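The block underneath contains the structure these notes are about, expressed in structure tokens.
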Amino acid sequence: QVQLVESGGGLVHPGGSLRLSCAASGFTFSSYGMNWYRQAPGKERALVASISSGGSTHYAESVKGRFTISRDNAKNTVYLQMNSLKPDDTAIYYCTAIVAIRRYWGQGTQVTVSS
């Protein structure tokens, strides 16, 4: 059974940093790309970053240069390092994986950036 569990969210001041983690199980993690999405109140869900099975990365323009996605296949975990956080980064962050014909979602972790 595919399972994705995010952690690491919290409350930070503008300019601060957080590292999100997503622990994956139920599939051959190293063979699949992984993604981070976020959804802010009143806004549509948006792709933040992705990493392929081979390690290639892609970032939304709004986070480029501030966020870094990485993976540790030995730990079946994908990370999102978030630096120079802004209030507009406030959202629930989700990790996802497409396995077979379905996109699987974690439960999400709340990130709040506020003074």
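FYI, side chains are in, hydrogens and waters are out, and symmetry mates aren't considered; it's all heavy atoms of this structure. Treat the numbers as computed from the prediction; the structure is a model and nothing was measured.
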Checking His13 side chain against Val113 main chain: does a donor-acceptor pair fall under 3.5 Å?
no
Tell me whether Leu20 shares a hydrophobic cluster with Phe29, the cluster being built from Ile, Leu, Val, Met, Phe, Trp, Tyr side chains joined at under 4.5 Å.
yes
May I ask you to decide if Lys75's main-chain N or O and Thr77's side chain share a donor-acceptor pair within less than 3.5 Å?
yes
Does the structure place the NZ or CZ of Arg71 under 6.0 Å from the centre of the six-membered ring of Tyr79, at an angle of no more than 45° from the ring's axis?
no
Only distances under 3.5 Å count here; give the side-chain donor-acceptor pairs of residues 47-58 to other protein atoms, sequence neighbours excluded, each with its distance to 0.1 Å.
from	atom 1	to	atom 2	distance (Å)
Ser52	OG	Gly54	N	3.2
Ser52	OG	Gly55	N	3.2
Ser52	OG	Ser56	N	3.0

Ring centres under 6.0 angstrom apart (Phe27, Tyr32)
yes
Shared ILVMFWY cluster between Val78 and Tyr59, side chains joined below 4.5 angstrom?
yes
Hey, would you say the Phe67 and Trp36 ring centroids sit under 6.0 Å apart?
no
Answer with yes or no whether the side chains of Ser17 and Asn83 bring together a donor and an acceptor at under 3.5 Å.
yes
Tell me the salt bridge (charged side-chain N to carboxylate O under 4.0 Å, His left out) pairs involving residues 47-64, sequence neighbours left out?
Glu61-Lys64
Pair up each side-chain donor or acceptor in residues 92-102 with any protein partner under 3.5 Å, not counting sequence neighbours, and list the distances.
from	atom 1	to	atom 2	distance (Å)
Tyr93	OH	Arg38	NH1	2.9
Tyr93	OH	Asp89	O	2.7
Thr96	OG1	Asn35	ND2	3.4
Thr96	OG1	Arg103	NH1	2.9

Flag side-chain contact, heavy atom, 4.5 Å: Gln81 against Ile69:
no
Examine distances only and state if a side-chain atom of Glu6 and a backbone atom of Gln107 form a donor-acceptor pair shorter than 3.5 Å.
yes
Arg66 to Leu85 - nearest heavy-atom pair and separation:
NH1-CA, 3.9 Å
